[in-house]
Amino acid sequence: MKDRLSLIETDKSREECGVFGIYLHPDLAHNGIVEMALGCALNNQHRGEESCGVCVSDGYSLWPPIKRMGLIKDLYADYKKEKKEHGGLYGQIAIVHNRYSTTGSSNIENAAPFRFDTNLGVMAVAHNGNITNASQLKAELFKKGVTFSSTTDSEVIGALISTSQGDTWREKISGALEKLEGSFSLIISTTDKLFAARDRHGVRPLSVGSFSADGKKCFAVSSETAALSPLQVEEIYDVAAGELLEINSEGVGHGRFAPKQESSLCGLEIAYLMRPDSSIRKTQMDTVRRFLGGKLAEICPPTSNVDLVTYIPESSRPAAEGYAQKLGLPTATSMIKGRYGTLNGSVRGFINPNEKERQGVARNYHVFDVVKGKDIVLTDDSIIRGNTTRGVIKVLREAGVGKIHLRIIFPPVVGYCPLGTDINEKDFLVAREFGSDISAIAKYIGVDSLGYLNPSQYSLAMSEVLGENVGLCLGCVTGKYPVGKFQIDKLIFEADIK
């Protein structure tokens, strides 16, 4: 696992994890539910590659989670061998978690889902986000005699629910969620129910879809709608900020654990983190990013004539096409990203503490002849640390590209994230280093000009493309967060595990 944590594309921020849950009508329970759940959750794999796990209930018993370090396909391979030898898990409910850590080390003890015994029965918890008062809550739970097997805030959530008062699961869960601060998209399985909840600010995405099988209604919940698509869902509903859903044989029950307020969806989810085929408010990220690219063209056109518009693979392609369309310019793919990474790194965008390896990741980009000798607009979704961007520009220059006008749809990142995106207080952030001096950033990166959407422009564009006002968390670019006090030390629980 150490090698996987060395994966590098250090310009890119990383998000904590993905969650997926499926509820089949009790009459449809079968021993293929693990394959069904993992097959869908595979579409959330980009949200975390450190570890994964699945937990299954047959309506009467909630079995211990099956977990492993690595990818969902690795977990499936293990389960397939086990199924062939001993038979598969029979069930109607399954929840899946894949992890990228923002609180706690990367080890099997921190892999989710987590299973808990309570006075109402057994439950399992899968969580995406970051609980900013987790340290305080854990200290209070210690005083009550609660012990912990991991160093994650996800286990704190489960322990808090387990010790909460309530005569029903809804009361018990609601009472715990009211005490949580920070961000969470949460899926909870009991023996016969599936619950889904989103924090009061709606920082991380969470959607529920309904589908039919043999004429009976079934449901699935996911961090991203792309994981719902294999089920041919009939309706998709974005779980609202502060909402708690209860899914059972009668359908979906809606309730709230926090008063309704404007959401604060993470702005980086939209620019980069979510898959382009995932949607919020029934609008695909591909459509949103094309629109943002068009707005960027209006506000930050190239400062001299260019031959074409291109992009840094792969997530900024829609922005490049939107930019080119707005200005009537041709667009082309300028490079390919090596499928198998480098000897010291990989295709995925994880942090590497080795500066030489950080710089070397750019060698995983290979330039096409179409841009040699050309002046170009180059788009990207964001610049966090600047390492990969600098390296890619160097590769383009060495390949004979002329002027390069770099255009970024997300505003300059100048601060850390306490809400689940891996941007830490001590990270080198190129926009923070050079302040508001865009020309200095451009010189550092090695481009002829640089342009971003600013926070106001980004927010207005989002409201325009979605057709309604949308609340965003842009704390990493404005310093204004929807939460107050918080801890931002990823390993805060390492010293006090008991």
Do [X] and [Y] make a side-chain contact, defined as non-hydrogen atoms from C-beta onward lying under 4.5 Å apart?
| X | Y | result |
| --- | --- | --- |
| Val56 | Val34 | yes |
| Ile161 | Ile188 | yes |
| Ile33 | Ile22 | yes |
| Tyr23 | Ser249 | yes |
| Leu245 | Val208 | yes |
| Val54 | Pro65 | no |
| Ser382 | Leu268 | yes |
| Val125 | Ser154 | no |

(message) Against Ile383, only a single residue in Val430, Val413, Thr388, Leu429 fulfils side-chain contact (heavy atoms from CB on, under 4.5 Å); can you say which?
(response)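 Among Val430, Val413, Thr388, Leu429, the one that satisfies the side-chain contact (heavy atoms from CB on, under 4.5 Å) with Ile383 is Val430.
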(request) Please determine which of Leu273, Leu186, Val19, Asn130 meets the side-chain contact (heavy atoms from CB on, under 4.5 Å) test together with Arg204. (result) Leu273
Donor-acceptor contact below 3.5 Å, side chain [X] vs main chain [Y]:
| X | Y | result |
| --- | --- | --- |
| Asn248 | Lys193 | no |
| Thr421 | Cys417 | no |
| Arg170 | Gly253 | yes |
| Ser61 | Trp63 | no |
| Thr190 | Met123 | no |
| Ser223 | Gly18 | no |
| Gln261 | Arg200 | yes |
| Arg115 | Leu62 | yes |
| Lys172 | Ser164 | yes |
| Thr118 | Gly121 | yes |

Under the side-chain hydrogen bond (donor to acceptor under 3.5 Å, both in side chains) test, residues paired with [X] that sit two or more places apart:
| X | value |
| --- | --- |
| Ser207 | Asp238 |
| Ser222 | Asn44 |
| Asn31 | none |
| Lys67 | none |

So, [X] versus [Y]: side-chain donor-acceptor pair below 3.5 Å or not?
| X | Y | value |
| --- | --- | --- |
| Ser315 | Asp381 | yes |
| Lys179 | Asn133 | no |
| His46 | Glu224 | yes |
| Thr151 | Asn110 | yes |
| Ser149 | Glu155 | yes |
| His201 | Glu262 | no |

Does the pair [X]/[Y] count as a salt bridge with the N-to-O cut at 4.0 Å?
| X | Y | result |
| --- | --- | --- |
| Arg68 | Asp78 | yes |
| Glu243 | Arg198 | no |
| Glu468 | Arg281 | yes |

Could you tell me which residues satisfy side-chain contact (heavy atoms from CB on, under 4.5 Å) with [X], sequence neighbours excluded, listed by chain and number?
| X | answer |
| --- | --- |
| Asp277 | Ala226, Arg275, Gln284 |
| Ala213 | Leu28, Cys218 |
| Leu42 | Gln45, Ile72 |

(message) Go through it in stages, so that I can follow the logic: the residues are Tyr100 and Asp422, the test is side chain to side chain donor-acceptor pair (under 3.5 Å), and I'd like the CA-CA distance, side-chain angles, deciding distance and then a yes or no.
(response) CA-CA 9 Å; Tyr100 179 82; Asp422 197 7; 2.6 Å; yes
(message) Can you list everything that forms a salt bridge (charged side-chain N to carboxylate O under 4.0 Å, His left out) with Glu250? Sequence neighbours excluded, please.
(response)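 Scan of Glu250 (salt bridge (charged side-chain N to carboxylate O under 4.0 Å, His left out), adjacent residues dropped) gives none.
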(request) Please identify each residue that fulfils salt bridge (charged side-chain N to carboxylate O under 4.0 Å, His left out) with Lys217, with sequence neighbours left out. (result)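 For Lys217, the residues satisfying salt bridge (charged side-chain N to carboxylate O under 4.0 Å, His left out) (neighbours in sequence not counted) are Glu234.
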Taking every non-hydrogen atom, the tightest pair across [X] and [Y]:
| X | Y | result |
| --- | --- | --- |
| Thr132 | Pro418 | CG2-O, 3.5 Å |
| Gly48 | Asn98 | O-ND2, 3.1 Å |
| Ala271 | Ile409 | O-CD1, 4.1 Å |
| Val146 | Ala159 | CG1-CB, 4.0 Å |
| Asn128 | Arg47 | ND2-NH2, 3.3 Å |
| Val414 | Arg432 | O-CD, 3.1 Å |

(request) Hey, could you give me each pair passing side chain to side chain donor-acceptor pair (under 3.5 Å) that has a residue in residues 79-91? Not counting sequence neighbours. (result)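 Residue pairs passing side chain to side chain donor-acceptor pair (under 3.5 Å), neighbours aside: Glu35-Lys83.
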(request) With Glu140 as reference, evaluate Lys138, Lys144, Gln136, Lys143 under the side chain to side chain donor-acceptor pair (under 3.5 Å) test and give the passing residue. (result) Gln136
(request) Could you name each residue pair satisfying ring-ring contact (aromatic ring centres under 6.0 Å, His included) that touches residues 158-177, not counting sequence neighbours? (result) none
(message) Going by ring-ring contact (aromatic ring centres under 6.0 Å, His included), name the pairs with one or both residues in residues 234-265, residues two or more places apart or in two chains.
(response)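 Found Phe184-Phe257, Tyr237-His254.
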(request) May I ask you to check whether Phe410 and Tyr452 place their ring centers less than 6.0 Å from one another? (result)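 Centroid distance Phe410-Tyr452: not below 6.0 Å, so no.
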(message) Quick check on the 6.0 Å ring-centre criterion: do Phe148 and Phe142 meet it?
(response) yes
